[in-house]
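Numbers here are sequence positions counted from 1. Only a predicted model underlies this, so the values are computations on that prediction, with no experimental measurement involved. Just the heavy atoms: all of them, side chains too, but no hydrogens, waters or symmetry mates, feed the values below.
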Amino acid sequence: MSDEVRIVPAREEHIDAACDIAIAAWTPIREIFRRDLGDEIYESQFTGWQQSKRDAISAGLRGGRGYVALVGDTVAGFIHYRINESTKTGEICGNAVNPEIRGKGIGPKMYEFVLNKMREEGMLFATVHTGLDDGHAPARRAYEKAGFHANLPSINYYQKL
């Protein structure tokens with residue numbers, strides 16, 4: 001496999017591999033959710049998350065602003081974004097790098113690429129949403145490295161009725 005990373009528009013033949021990467025990337029996060037919420041709340045809120053994640057990633061990559069990072073001909077990561085013309089803000093949506101090859105600079109290349117795309121589309125601001133839980137710590141570090149610093153912390157509470 002060549003080490004050169006190319007960011008290209010997502011094509012139909014990339015979708016399954018990107019979805020597999022998403023499941024691999026989100027599985028540890030969901031395990032932390034189960035640990036923190038307990039089985040009962042977790043099962044009520046996150047049963048079937050794998051299919052929901054596949055559906056969201058597939059839709060995002062097919063939506064016209066979806067890209068994959070290729071190393072050789074292998075999908076190494078994916079990213080998609082949307083824009084809000086009224087606020088001139090681009091939002092990074094689903095994105096992940098294959099957990100087996102993290103730490104090789106693929107994520108930063110994807111962020112730089114889509115931030116430049118947002119600028120080309122006339123956006124003045126960029127945003128990204130991530131969790132405050134332990135499972136999202138790597139994502140927070142990656143976004144901070146990409147230049148995101150201003151934030152509005154948030155938390156979701158659950159209660160059994």
Output for pair (Ile57 CD1, Ile79 CD1), nearest 0.5 Å, gives 10.5 Å

Show your working on side chain to side chain contact (heavy atoms under 4.5 Å, CB included) between Trp26 and Phe33 and close with a plain yes or no.
CA-CA 10 Å; Trp26 267 270; Phe33 283 13; over 6 Å; no

Establish whether Leu61 and Val5 are linked, either directly or via other cluster members, by ILVMFWY side-chain heavy-atom contacts under 4.5 Å.
no

Contact check, side chains of Glu91 and Asn84, non-hydrogen atoms, under 4.5 Å:
no

Which of these, Val128, Asn95, Ile92, sits in a side chain to side chain contact (heavy atoms under 4.5 Å, CB included) with Val114?
Ile92

Minimal heavy-atom distance between Leu132 and Ser154, with the atoms involved, is CD1-O, 2.6 Å

Test salt bridge (charged side-chain N to carboxylate O under 4.0 Å, His left out) applied to Arg54 and Asp20, step by step:
CA-CA 8 Å; Arg54 283 184 180 282; Asp20 291 344; 2.7 Å; yes

Tell me whether Met110 is reachable from Val75 by hopping between hydrophobic residues (I, L, V, M, F, W, Y) whose side-chain heavy atoms are closer than 4.5 Å.
no

Value rounded to 0.5 Å, distance of CG in Asp133 from CG in Asp36
7.0 Å

Quick one, Val8 and Val68 - any side-chain contact, counting heavy atoms below 4.5 Å?
yes

Donor + acceptor pair across side chains of Asp55, Gln51 (<3.5 Å):
yes

Rounded at 0.5 Å granularity, tell me how far CD1 in Ile83 sits from CE in Met123.
4.0 Å

A side-chain contact here means heavy atoms from C-beta on lying under 4.5 Å apart; do Lys104 and Val71 qualify?
no

Please check this pair: side chain of Arg62 against backbone of Glu12, looking for a donor-acceptor N/O pair closer than 3.5 Å.
no

About how many Å separate OG1 of Thr89 and CG of Leu124, when rounded to the nearest 0.5 Å?
7.5 Å

Contact check, side chains of Leu70 and His14, non-hydrogen atoms, under 4.5 Å:
yes

Would you call the rings of Tyr67 and Tyr81 parallel, tilted or perpendicular, taking 30° and 60° as the class edges?
parallel

Just how far is it from atom CG of Leu37 to atom CD of Glu43, taken to the nearest 0.5 Å?
11.0 Å

Using every non-hydrogen atom in the two residues, find where Pro138 and Gly135 come nearest and quote the distance to one decimal.
CD-O, 3.5 Å

Please report the shortest heavy-atom distance between Glu85 and Glu121, naming the atom on each side.
OE2-O, 4.4 Å

Looking at side-chain heavy atoms only, is the closest gap between Cys93 and Arg82 below 4.5 Å?
yes

Please report the closest heavy-atom contact between Cys19 and Ser58, naming both atoms and the distance.
SG-OG, 3.4 Å

Any chain of hydrophobic side-chain contacts (each under 4.5 Å) joining Tyr111 to Ile7?
yes

Test of understanding: clusters of I, L, V, M, F, W, Y form through side-chain heavy atoms closer than 4.5 Å, transitively. Do Ile29 and Trp49 belong to the same one?
yes

Are Phe125 and Thr87 side-chain neighbours, meaning at least one heavy-atom pair lies under 4.5 Å?
no

Between Gly122 and Lys88, which heavy-atom pair has the shortest distance, and what is it?
O-CD, 3.5 Å

Are the side chains of Asn151 and Tyr143 in touch, meaning some heavy atoms are under 4.5 Å apart?
no

Can you confirm whether Arg35 is buried at CZ, in the sense that more than 12 heavy atoms of other residues, nucleotides or ligands lie under 6.0 Å from that atom?
yes

For the CD atom on Glu40, are there more than 12 heavy atoms of other groups (residues, nucleotides or ligands in this structure) within a distance under 6.0 Å?
no

Do other residues, nucleotides or ligands put more than 12 heavy atoms under 6.0 Å from Tyr158 OH?
yes

Does His80 use its side chain to pair, donor to acceptor, with the backbone of Gly94 at less than 3.5 Å?
yes

Using side-chain heavy atoms (C-beta onward) and a distance below 4.5 Å, is Phe113 in contact with Lys109?
no

Working to the nearest 0.5 angstrom, can you tell me the gap between Phe148 CZ and Thr130 OG1?
11.0 Å

Search all heavy atoms of Leu115 against all heavy atoms of Ala146 and return the closest pair with its distance.
CD1-O, 4.2 Å

